[in-house]
Amino acid sequence: MDLLDWHRGAVSSRRLAVLVKHLPRDSAVNRDLHGEAVEWDASTHLLAATVDHLAVANWMTATINSGEDAEPLEYPEAVPRPGPPESSAVQPQHGDEPRESELPDPEQLARFFS
């Protein structure tokens with residue numbers, strides 16, 4: 001479609017608005033308006049959430065099975081997602097990393113899973 005058709009009156013403003021509104025997700029207009037978020041569909045978000053939850057489960061397992069004298073393991077980072085940082089499911093709401101007091105110790109994890 002030639003945008004000059006709108007200027008010439010061959011295409012109405014309503015028709016042009018409908019065409020722009022229903023552009024494909026990966027169109028240049030959507031990419032300009034929403035950035036890399038257009039590349040993330042529901043399946044991609046679910047896959048990222050799955051990876052995050054598996055990382056936390058592995059962290060819990062390693063924390064439970066580490067010795068009492070072992071240093072605390074680093075909490076896993078969430079897969080970066082487009083949009084605001086709080087959109088991550090695994091990261092706490094109030095900051096980038098959980099506070100040391102919020103992380104369960106090996107005994108708490110063992111009681112929870114036993």
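Under the rule for a side chain to side chain contact (heavy atoms under 4.5 Å, CB included), the partners of L19 that lie at least two apart in sequence or sit in another chain are M1, R15. Checked against side-chain hydrogen bond (donor to acceptor under 3.5 Å, both in side chains), N58 has no partners two or more places apart in sequence or in another chain. The side-chain hydrogen bond (donor to acceptor under 3.5 Å, both in side chains) search around S43 returns none, not counting sequence neighbours. Residues passing the side-chain hydrogen bond (donor to acceptor under 3.5 Å, both in side chains) test with R14: none are found, sequence neighbours excluded. Residues satisfying the salt bridge (Lys or Arg N to Asp or Glu O under 4.0 Å) criterion with D2, sequence neighbours excluded, are R8.
There is no path of hydrophobic side-chain contacts, each under 4.5 Å, that joins V20 to V38. Cluster annotation: L47 and W40 are assigned to distinct hydrophobic clusters (Ile/Leu/Val/Met/Phe/Trp/Tyr, side-chain heavy-atom contacts under 4.5 Å, transitive). Note: the hydrophobic cluster containing L33 also contains L3 (ILVMFWY, side chain heavy atoms under 4.5 Å, direct or indirect links).
In this structure, CD1 in I64 is found 11.0 Å from CG in L73, a value given to the nearest 0.5 Å. With values rounded to the nearest 0.5 angstrom, T50 atom OG1 is found 6.5 Å from L54 atom CG. Between D5 atom CG and L16 atom CG the span is 10.0 Å, to the nearest 0.5 Å.
With a 6.0 Å radius and a threshold of 12 heavy atoms from other residues, nucleotides or ligands, W59 has its CH2 atom above the threshold.
Screening residues 37-48 for salt bridge (charged side-chain N to carboxylate O under 4.0 Å, His left out), with sequence neighbours left out, gives R31-E39.
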